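Bear in mind the structure is a predicted one, so any value in this text is a computation, not a measurement.
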Amino acid sequence: MEAKYKKTVSEDTATLTIRGKSYELPIYGGSTGPDVIDIRTLYRDTDMFTFDPGFTSTASCESAITYIDGGKGELLYRGYPIEQLAEKSDFLEVAYLLLNGELPTVEQDKKFKHDITYHTMVHEQLVRFFTGFRRDAHPMAIMCGVVGAMSAFYHDSTDINDPEQRRVASNRLIAKIPTIAAMTYKYSIGQPFVYPRNDLNYAENFLYMTFGVPKCEDYKVSHTLADAMDKIFILHADHEQNASTSTVRLAGSSGANPFACIAAGIASLWGPAHGGANEACLNMLSEIGSVDRIPEFIDRAKDKNDPFRLMGFGHRVYKNFDPRAKVLQQSANEVLAELGINDPLLDVAKELERIALEDPYFIEKKLYPNVDFYSGIILKAMGFPTSMFTVLFALARTVGWISQWGEMIEDPTQKIGRPRQLFIGEKQRDYIDIKNR
Ligand code: SDX
């Protein structure tokens, strides 16, 4: 898809002076957000690298998919504010938007939803991969394995240079990831897998495959829960060049097939500093247990000698607030009220947020609740074990990952990603025979 905007070359340049010699580097502007300095000729001209571990000041690509303004707490999917999409759209419509750049027409929406619905079943032999895992395997371990194994089943959509095969692979991943996610839950509790139903929408079908029990009794999908699930999927769908998306892009830059790239993204998301924070946050709230123990944990979070951090707090980009956290806090109130659940952990979370946001440490370091702070409370109320929280994050983020992957493949300037280093190891030295060591 042709991007509507192109980067613009600024009339002024960046001047870099190194040991008395000056270099002029081009500056590019986008449609919005920070300009960039093109340093691609730096090593050739200066025999030096830039140094940016964690990529705090590095743009890895051009993208037209998701824009975050960390200062304003803005999150836009193809220009549409996340708050509006969460309120007015549905996940598959958002998936179409992320993949194609525009909201679908009635016909496009109907066809896309039909295509996804009729690809939700997985190859029956994929089921055998589950029985190789222990029942108490972490569901994210199973997700990494089974999604990676999809490469071995869907060979007819692994030619990344064929746009039609890229489209089929994208649809297969979006369609089958809820089925696989539900299967990881069923496997962990020893219940039979539930086949998808084509008469249910995306979120309803996922809840049915997760909590339904075949033939024993009908599972009545709660529209409240399905709506909340759909909203959670929308909020987690994409987020610019975060760690797992960058992992997917880097894997894809070598020409790896899309199933293997998404499995790499799942592995990266699992970390507690990233998507694993929703599970870690609920475990933390449970460990805090009651409002009166909050000061103890605030002190630990501020103690440089204590590795403890407030899970669900802080963000590389948001230095004001995470707009997703605000939507999720409201959704937590609605879902718990609708279900008649009075979860003391919600009170602990709200009080923890209130105290932290008044504490000079958190104010100075611009630490606010992020997407993972409230999501776990809703998911727990919906009946998911904490071990499934990051699986749900991966389910939703699959459409963001595959959209970013597709954008990268279509980018004519994309090259294999291959960072360099500042070497601080041993200089060349000769081998020493073991008798002389
Ligand atoms: C996600 O990138 C994305 O877009 C990710 C994501 C997405 O949708 O893809 O938004 C999803 O991953 C959300 C983040 C989930 N992670 C957590 O909730 C884990 C807890 N948060 C932190 O680990 C941390 O805030 C990060 C990892 C989220 C951000 O880390 P940064 O940007 O590298 O910031 P930093 O570690 O340099 O912290 C800056 C300072 C440090 O203090 P100083 O060294 O300057 O003295 O703030 C402190 C940190 O110690 N700090 C915290 C803290 N987070 C940062 N102190 C206490 N508790 C915290 N949670």
Side-chain angles (χ1 to χ4, degrees), residues 91 116 119-154 172-197 200 202-214 219 221 225-226 229-230 232-233 236-237 244 248 259-272 274-280 282-283 372 375-376 378-380 382-402:
F91 179 70
I116 296 300
H119 281 83
T120 46
M121 281 184 78
V122 295
H123 191 293
E124 193 63 16
Q125 282 179 236
L126 208 62
V127 170
R128 296 187 193 167
F129 283 87
F130 286 81
T131 53
F133 290 100
R134 285 174 39 155
R135 289 283 180 178
D136 62 353
H138 194 292
M140 284 296 279
I142 300 177
M143 288 286 284
C144 289
V146 173
V147 172
M150 290 173 79
S151 311
F153 285 83
Y154 301 109
R172 277 173 165 159
L173 279 157
I174 295 165
K176 298 177 195 303
I177 202 82
T179 310
I180 294 168
M183 291 168 79
T184 64
Y185 173 64
K186 286 302 196 189
Y187 186 73
S188 72
I189 58 174
Q191 285 189 1
F193 298 140
V194 178
Y195 287 100
R197 272 176 45 185
L200 299 176
Y202 196 82
E204 291 169 340
N205 197 21
F206 171 65
L207 292 174
Y208 166 69
M209 292 187 288
T210 303
F211 297 118
V213 282
Y219 174 75
V221 181
L225 293 190
M229 190 82 267
D230 196 81
I232 287 173
F233 288 161
H236 287 78
S244 53
V248 170
F259 305 104
C261 294
I262 298 303
I266 292 171
S268 172
L269 185 76
W270 193 1
H274 190 13
N278 53 18
E279 175 179 358
L282 201 88
N283 292 336
D372 294 307
S375 56
I378 303 172
L379 298 174
K380 174 172 174 273
M382 297 172 79
F384 293 102
T386 50
S387 61
M388 279 294 291
F389 290 2
T390 310
V391 170
L392 302 182
F393 197 147
L395 188 168
R397 186 53 59 88
T398 292
V399 68
W401 287 330
I402 205 66

Sub-4.5 Å side-chain heavy-atom contact between Phe233 and Val399: no
Residue pair Pro178 / Tyr202: nearest heavy atoms and the distance that separates them: CG-OH, 3.1 Å
Distance-minimising heavy-atom pair for Met150 and Arg172: CE-O, 4.5 Å
Aromatic plane relationship, Tyr219 with Tyr208 - under 30° parallel, 30 to 60° tilted, over 60° perpendicular: tilted
His236 vs Leu392 side-chain heavy atoms within contact, under 4.5 Å: no
Glu279 vs His138, side-chain contact (heavy atoms from CB on, under 4.5 Å): CA-CA, chis, key distance, verdict: CA-CA 12 Å; Glu279 175 179 358; His138 194 292; 3.0 Å; yes
From CE (Met229) to CZ (Phe91), nearest 0.5 Å: 10.0 Å
Min side-chain heavy-atom separation Ile232-Leu379 under 4.5 Å: yes
From His123 atom NE2 to Phe129 atom CZ, the distance as rounded to the nearest 0.5 Å: 10.0 Å
Heavy-atom pair with the smallest gap, counting every atom of Ala181 and Thr184: O-OG1, 2.5 Å
Side chain Thr390, main chain Trp270, donor-acceptor under 3.5 Å: no
Residue pairs fulfilling side-chain hydrogen bond (donor to acceptor under 3.5 Å, both in side chains) with at least one residue in residues 124-135, sequence neighbours excluded: Glu124-Tyr195, Arg134-Asp136
Side chain proximity check, Phe130 to Lys186, heavy atoms < 4.5 angstrom: no
Pairwise distance CG(Leu269) to CH2(Trp401) - rounded to 0.5 angstrom: 4.5 Å
4.5 Å side-chain heavy-atom contact, Lys176 and Tyr154: yes
Contact check, side chains of Ile142 and Met183, non-hydrogen atoms, under 4.5 Å: no
Separation of Leu395 CG from Met143 CE (nearest 0.5 Å): 6.5 Å
Backbone of Ala226 reached by a side-chain donor or acceptor of Asp230 within 3.5 Å: no
Which residues share a side-chain hydrogen bond (donor to acceptor under 3.5 Å, both in side chains) with Asp372, sequence neighbours left out: none
pair Met209-Thr120: side-chain heavy atoms closer than 4.5 Å: no
Nearest-0.5 Å distance that lies between atom CZ in Arg197 and atom CG in Asn205: 8.0 Å
Validation row: Phe389, Ser375 side chains within 4.5 angstrom (heavy atoms): no
Ile402 side, atom CD1; Ile262 side, atom CD1 - distance, nearest 0.5 Å: 4.0 Å
Minimal non-hydrogen separation, Val194 against Gly212, with atom names: CG2-O, 3.4 Å
Partner set under side-chain contact (heavy atoms from CB on, under 4.5 Å) for Ser188, not counting sequence neighbours: Tyr185
Ser244 to Gly265 - nearest heavy-atom pair and separation: CB-O, 3.4 Å
Heavy-atom closest contact (Pro214 atom, Pro192 atom, distance): CG-CG, 3.7 Å
